[in-house]
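These values consider heavy atoms only, across backbone and side chains, with no hydrogens, waters or symmetry-generated copies. Quantities reported herein were computed from a predicted structural model and do not represent experimental measurements.
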Amino acid sequence: MNILMSKKAISLFTAFAFMLLLCSFTSSFSNNEKTEGNKKIERKIVYSKKKHSITLSWSTFGTSGNYIISRGGSRLASDFVSVGSTSKLTFTDNKPNAAKYENYYKVTRNDVTIIISLENQIFGDNVYFYDRKHEKAETARNEINAQFSSIGLGGANGEWTTKRQAYYFKPNLKGQTYDVGGSGSASSAISNAIELGFYSHIGGLGKVPSDVKLGAIFTRPHLSGGANATCTFWRSVENVEVMRDFSWTVSQSTSARRLLIENTSKYISDIGDTNFWGSGGFIADAHYTTSRPNWGGQQQWYTRNAVFPSGSGGMGGSYNMVWQGCVNPPKADNSNSPISTTPIIREKPFLFIDNDGEYKVFVPAWQKDRVGVSWSATDIGKGEIQDLIANWYVAKEEDTDVEINAALKAGKNIFFTPGHYTLNAPIQVNRKDAILLGAGIASVTLEPTEKNTWGCIYADDKDGIIIAGLLMDSSNSTTYQVRIGNEGANADHSADPILLSDITCRVGGVQLKNIQIQASMHLNSNNVVGDHFWLWRADHGSQKGGDARWKRDRCKNGLIVAGNDVTLYALFVEHYQEYEVLWLGERGRTFFFQNEPPYDAPNQASWSSQGGRVDGYAAFKVANSVKEHHTIGMGSYAVFTGTDGNVNKKNGFEAPNNPNVKLEKMCITRFAGSGNIQNVINGTGGSTATGVKRMASYNNGEGVQPFDEEFTLPSKESYPSYISMEK
């Protein structure tokens, strides 16, 4: 981080519904419920494609009289009209709107109203859809901002809430936008910006970003009077056009993808005092059309495959700014590292509405040596379109590992709607080309029982697996949080690599009891591509910190890479208690790395490596056995605040002295506390005691190569008994 810092089986009903959909007969979806007082109100909707009719049913509510039914084109439509009344608990609309998803029904009795729709039954109550065809321009903005202020997502308590939400915008009609109007930077009141809070996602449902036109977007920091965004985490936006100002005032675990940004007055907010700062972030596949943004106030940032207006002048940032595959990036200097191409990338899949009115998921194709965005003004890009209902299981937060693993075994991909998913065993991704895709920062969590001692997600050593948009949490002790491939995995996935995109692993922060995890993520498979990770042993939380945190929230390593030919973009790893990144595989590549060591090591004796001979642990450790490795853009920043005042780290980075091992653009500095990082790499480069230290390149240098070590890795015995990991 920074300076501050279930329970239902896959039913026969659901299976039958899928069969009906595939056969183009009657479609129906799983039940939804609302409450009246403490009583649940069941809701159900069935669409007959053959008859083009919709039948509603519900459980009894209210006290007397008929149920009054009205219909609108969307949940917040201004065009609801009465379509009938009944004394029964069912109603059939024989003349619904032409598009089946543009039928939202209000059923009212006395002073109680429930809403029934196909979209709600597919996606649940944590996904909010907006449709400009039926709503005023200000409708979506007003509702999102009301949620921001009313359910705690705007304040410090929002960091630890279990609430999750996604806001999806349907494509505009010609000439319409979702822009309520306004002026000035997005942080100003007169801009009428959408404010996006913790664990929230904005997604456009068009094929290209310009299909959904928004006005201004702002992420409001809650620290230091709004001047400090170092804890503005866990939110995302993708596949929209921002017409006025995009003020993405964030730090880690925030993703901005597939954007068309027509205008931006700045990148970082001007709210609060003049000492504004943030601690990094990620943006990719974005096109700025009219002005070059400014990342001023950010400590570091990773930008991939963005297009900027002409020019090469600086765009802010203090320590480590990496621009990869960008058009018109800044010139190279101490803090800016432009990299001409992205050697291999597959963009994150996304939900959209196709020309036939059905929900689909676009799965982008792999691309090599890419420059610029993956889409055009009229073209979705290269990739595969999958039908959501036919090919996917739409999970809701009451689902557990039982339902999710059964769906994967049945050949379905998994779309996680926003929620807090509790697991008694890992999700097992057990087949080629399987996809896990989360929306609204969906969280898979090891709780509430202690049955799951293994981890959140295990993926077999298979081609083409995609895991994207998920946060892994732990309230129990486990071996891993994410494991890709079995021990000794050796398959060649070069023709169809494994993609991990927008992944967060979190250790600690909320649980009361002691937990112990060996590694947040272990990559055993070859040819894995990681596109934006935040692996975080929490430096702060809702529980007591300091020495108590050091003993309570135990985790050795953030990332262990044992596979070969692993490529990582935007790697954020912080506060783990031993080597935060341990790289054992060959031909690894990392483009951008951000780190802070653990704040809370109580003394040097408890935090020493290499048999006690070296103070602290390097943030990024390339093992002496590695013959070939390359990194560009690396930062590690000392914040030793929860210590006895005498804790230091000898090396920011450690690597073997080998002609084919090269680390470029390294930076170390001290933000707070009395301890220091004493060298950049291998005993060379100088100490943070005298300020920022940089090293342009280390390649078979003259520094002291680290001692040879034996690394204790998790063994195959740690697999759950029901999981058969292939050799």
Side-chain angles (χ1 to χ4, degrees), residues 73-77 97-102 119 123 127-141 143-144 166-181 193-194 196 201-217 236-246 248 255-264 283-290 305-307 347-365 372-388 415 437 439-440 469:
S74 66
R75 180 174 54 90
L76 299 177
N97 293 327
K100 65 182 180 183
Y101 294 120
E102 294 181 22
E119 285 174 332
F123 296 99
V127 181
Y128 300 84
F129 293 97
Y130 303 101
D131 190 345
R132 187 67 178 86
K133 180 178 179 181
H134 301 282
E135 299 166 7
K136 297 178 180 178
E138 64 267 22
T139 299
R141 183 259 181 190
E143 182 179 61
I144 295 171
Y167 307 108
Y168 280 105
F169 292 79
K170 295 183 179 180
N172 298 114
L173 294 178
K174 187 175 182 180
Q176 289 185 329
T177 75
Y178 288 93
D179 185 10
V180 66
I194 293 172
L196 193 64
H201 170 75
I202 286 175
L205 291 170
K207 288 186 175 182
V208 296
S210 59
D211 287 341
V212 172
K213 299 178 186 295
L214 306 181
I217 295 176
S236 58
V237 58
E238 64 188 20
N239 200 34
V240 298
E241 174 183 337
V242 181
M243 300 176 66
R244 289 188 285 109
D245 191 25
F246 183 62
W248 195 238
S255 174
R257 294 176 177 269
R258 197 177 170 89
L259 301 176
L260 176 61
I261 302 171
E262 291 289 349
N263 187 37
T264 184
I283 187 168
D285 208 20
H287 187 177
Y288 285 81
T289 62
T290 60
N305 292 106
V307 177
E347 295 294 343
K348 178 183 172 185
F350 64 91
L351 185 71
F352 76 104
I353 299 175
D354 208 348
N355 295 340
D356 60 1
E358 296 294 341
Y359 278 96
K360 307 287 178 67
V361 175
F362 183 65
V363 184
V373 298
S374 66
W375 47 274
S376 72
T378 57
D379 185 7
I380 196 171
K382 297 178 181 179
E384 176 191 5
I385 292 175
Q386 297 185 5
D387 185 273
L388 182 73
F415 184 89
L437 177 60

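Salt-bridge check for Asp354 with Lys207: passed, with a basic side-chain N closer than 4.0 Å to an acidic carboxylate O. The residues Glu241 and Lys213 are annotated as salt-bridged, a charged nitrogen and a carboxylate oxygen being separated by less than 4.0 angstrom.
Closest of all the heavy-atom pairs between Leu437 and Pro349 is CD1-O, 3.7 Å. Annotation for Gly73 and Asn97: closest pair CA-ND2, 4.0 Å, computed over non-hydrogen atoms. Closest approach of Ala377 and Ser210 over heavy atoms only: O-OG, 4.0 Å.
Rounded to the nearest 0.5 angstrom, Ile385 CD1 and Phe352 CZ are separated by 4.0 Å. Here the CD1 atom belonging to Ile194 is positioned 11.0 Å from the CD atom belonging to Glu143, to the nearest 0.5 angstrom. The distance from atom CZ of Arg258 to atom CG of Asp285, rounded to the nearest 0.5 Å, is 6.5 Å. Once rounded to the nearest 0.5 Å, the distance linking CG of Leu351 with CG of Asn239 reads 9.5 Å. Note: Leu214 CG to Leu260 CG = 11.0 Å, rounded to the nearest 0.5 Å. How far CD of Glu138 is from CG of Asp179: 11.0 Å, rounded to the nearest 0.5 Å.
In this structure a side-chain-to-backbone donor-acceptor pair under 3.5 Å is present from Asn305 to Gly372. For Asn172 (side chain) and Lys174 (main-chain N/O), no donor-acceptor pair under 3.5 Å exists by modelled atom type. Side chain of Asp131 to main chain of Ser74: no donor-acceptor pair is present (N/O by atom type, distance under 3.5 Å, no hydrogens or angles). No donor-acceptor distance shorter than 3.5 angstrom exists from the side chain of Arg75 to the backbone of Tyr130, with no hydrogens or angles considered. Checked by atom type and distance alone, the side chain of Arg132 pairs as donor or acceptor with a backbone atom of Glu135 at under 3.5 Å.
Between Phe169 and Tyr178, the gap from one ring centroid to the other is short of 6.0 Å. The six-membered or imidazole ring of Phe123 lies near that of Phe129, with a centre-to-centre distance under 6.0 Å.
Ring pair Phe246/Trp248 is parallel by interplanar angle, where below 30° counts as parallel and above 60° as perpendicular.
Side-chain contact between Lys100 and Glu358 is present, with at least one heavy-atom pair separated by less than 4.5 Å. Side-chain atoms of Thr289 and Ile261, non-hydrogen and from C-beta on, never get closer than 4.5 Å to each other.
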List the steps, then state whether side-chain contact (heavy atoms from CB on, under 4.5 Å) holds for Ile380 with Phe350.
CA-CA 11 Å; Ile380 196 171; Phe350 64 91; 4.0 Å; yes
Output, in order, the C-alpha distance, side-chain angles, deciding distance and verdict of salt bridge (Lys or Arg N to Asp or Glu O under 4.0 Å) for Glu102 and Lys170.
CA-CA 11 Å; Glu102 294 181 22; Lys170 295 183 179 180; 5.8 Å; no
Determine, step by step, whether Glu119 and Tyr359 satisfy the side chain to side chain donor-acceptor pair (under 3.5 Å) criterion, reporting the C-alpha distance in whole Å, the side-chain angles of both residues, the deciding distance to 0.1 Å, and the verdict.
CA-CA 10 Å; Glu119 285 174 332; Tyr359 278 96; 2.5 Å; yes
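Asp356 is linked by a salt bridge (charged side-chain N to carboxylate O under 4.0 Å, His left out) to Lys360, counting only residues two or more places apart in sequence or in another chain.
Remark: the Ser374 side chain and the Glu347 side chain contain no N/O donor-acceptor pair separated by less than 3.5 Å.
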